[in-house]
Amino acid sequence: MPELPEVETVARGLQLTVAGRRIMSVTLGKTDFIDDPDALERHLPGTLIEKVERFGKFMLMRLSKHQNEQENRDASGGSLLVHLGMTGHLSAHAATEPFPKHTHVRFLLDDGRELRYTDARRFGRMAYLVADRLPDELGRFGADPLEITEHEFAALLKSRNSRIKALLLDQSALRGIGNIYADESLWGARIHPMRIAAKLSAKEARTLRAALQKVLREAIALRGSSISDFLDADGQPGEYQRRHRAYGREGKNCYRCKTPIRRTIVAGRSSYFCPKCQPGPRSVKRPGKRKKHVTPKGKRTS
DNA sequence: CTCGATCCCTGGACGC
DNA sequence: TGCGTCCAGGGATCGA
């Protein structure tokens, strides 16, 4: 499941292998995950791949058009956004090499290779954007978790009454975090996924930001996590899955306190946490009181 | 504002 | 071996 570290890994790989190449032609298979398939066929042929970078969980390919300016002039300065969804792969191969099943997009490059997008489940997304539309599109996303300042992070948490796990997964709040790195960073910061973001202490906010950045940086250094079938632009798996402390470890002992890791559903996602290291919101052990059955329904306005 | 439910999609795990 | 069933999950959408 490509999240920030995996997408960063792929983007760096593509920057090395396809930046500077020109797209000669476009061949499409199934297109239900592409915003406007015709736009790809119209605008991409002839464009130069200037740069490949990551934006949240998106791959951002910046394109330009040096020759053939007479046609497709609105393609200059355009960008191709690619989201890998759950099972997306983007990598270059010799055009003569047979392409695997579920290969839905092929860009023939000017050096005889083909940049291919393969995605069995088609949870990914692809969109060609003219320069004018890019700011609006990117503006819908929140801060990059590796760039956000301590102050901004604290303010963001204070502004949300949602569970911290839901906030971490909300791409309009922070861009690039998915289920794995949300759980890993919460484990690192010893914060229960159901805690309310606005109720975290200033210290907890600092700890969480630090844990998040540490986890993401280490994951990038290890080229991401390969859980099911993530492969980088060179077809190589990542190594960070070996460092997981919470994600996917239900029933296994916590690395800190040996308590079995538990799994619950938060924000509609499996959430793994240590019930001892990451105490729940209102389960703060009170020796005297037994089940008080308090159901804080919150004030009903209107 | 925040939540859960539902849908999209396919492959892999599991039970019989 | 081969079914059927369930599940995974990012994101959009809708109703509560």
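In what follows, every heavy atom counts, from backbone to side chain, and hydrogens, waters and symmetry copies are set aside. Within every chain, numbering begins at 1; the chains are lettered A, B, ... in the order of the sequence lines, protein sequences first and strands thereafter.
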Heteroatom pairs (N/O) under 3.5 angstrom, protein to nucleotides 10-13 of chain B:
residue : atom : partner  : partner atom : Å
B:dT10  : OP1  : A:Arg122 : NH1          : 3.4
B:dT10  : O2   : A:Arg121 : NE           : 3.0
B:dG11  : OP1  : A:His102 : NE2          : 2.7

Q. By ring pair (Phe, Tyr, Trp, His ring centres under 6.0 Å), which residues pair with A:Tyr181, not counting sequence neighbours?
A. A:Tyr240
Q) Rounded to the Å, how far apart are A:Asp170 CG and C:dA12 P? A) 10 Å
Q) Does the distance from a Lys or Arg side-chain N to an Asp or Glu carboxylate O, for A:Lys30 and A:Asp32, drop under 4.0 Å? A) no
Hey, what are the protein-to-nucleotides 13-15 of chain C N/O distances that come in under 3.5 Å?
none

Q: Pick base, sugar-phosphate or nothing for A:Arg163, based on heavy-atom distances below 4.0 Å to the nucleic acid.
A: sugar-phosphate
(Q) Can you tell me if A:Phe123 is stacked onto the base of C:dG11, using a 5.5 Å centroid cut-off and an angle below 30°? (A) no
Q: Using a heavy-atom cut-off of under 4.0 Å over every strand shown, decide if A:Arg263 touches base, sugar-phosphate, or nothing.
A: sugar-phosphate
Q) Nearest-Å distance, CG (A:Leu174) to P (C:dG10)? A) 15 Å
Q. Does a distance-only test, which skips hydrogens and angles, find a donor-acceptor pair under 3.5 Å between the side chain of A:Arg269 and the base of C:dG10?
A. yes
Q) Just wondering, more than 12 heavy atoms not from A:Arg217 lying within 6.0 Å of its CZ? A) yes
Q. Got a salt bridge between A:Arg195 and A:Glu204, using NZ or NE/NH1/NH2 to carboxylate O under 4.0 Å?
A. yes
Q | N/O (side chain, A:Gln171) to phosphate O (OP1/OP2, C:dG10) under 4.0 Å | A | no
Q) Any idea which of B:dT2, C:dG9, B:dC3 is nearest the A:Asn161 side chain? A) B:dT2
(Q) Strictly below 4.0 Å, N to O, side chains only: are A:Asp183 and A:Arg269 in salt-bridge contact? (A) no
Q. Could you state the NZ-C1' distance from A:Lys57 to C:dA12, rounded to the nearest angstrom?
A. 14 Å
Q.
Base, sugar-phosphate or nothing for A:Tyr247? Non-hydrogen atoms, less than 4.0 Å.
A. sugar-phosphate
Q) Under 4.0 Å: is that the gap between some side-chain N or O of A:Ser270 and OP1 or OP2 of C:dA8? A) yes
Q) Hey, are A:Glu8 and A:Arg54 close enough for a salt bridge, meaning a charged N less than 4.0 Å from a carboxylate O? A) yes
Q) Has the side chain of A:Gln15 got a donor or acceptor atom that lies under 3.5 Å from a matching backbone atom of A:Glu53? A) no
(Q) Using whole Å, what does the distance between atom P of nucleotide C:dG11 and atom CG of A:Asn179 come to? (A) 11 Å
Q. In a check of side-chain contact (heavy atoms from CB on, under 4.5 Å) between A:Met126 and each of A:Leu28, A:Leu40, A:Asp119, which one passes?
A. A:Leu40
Q. Between A:Asp170 and A:Arg160, does at least one N-O distance fall below 4.0 Å, as a salt bridge requires?
A. yes
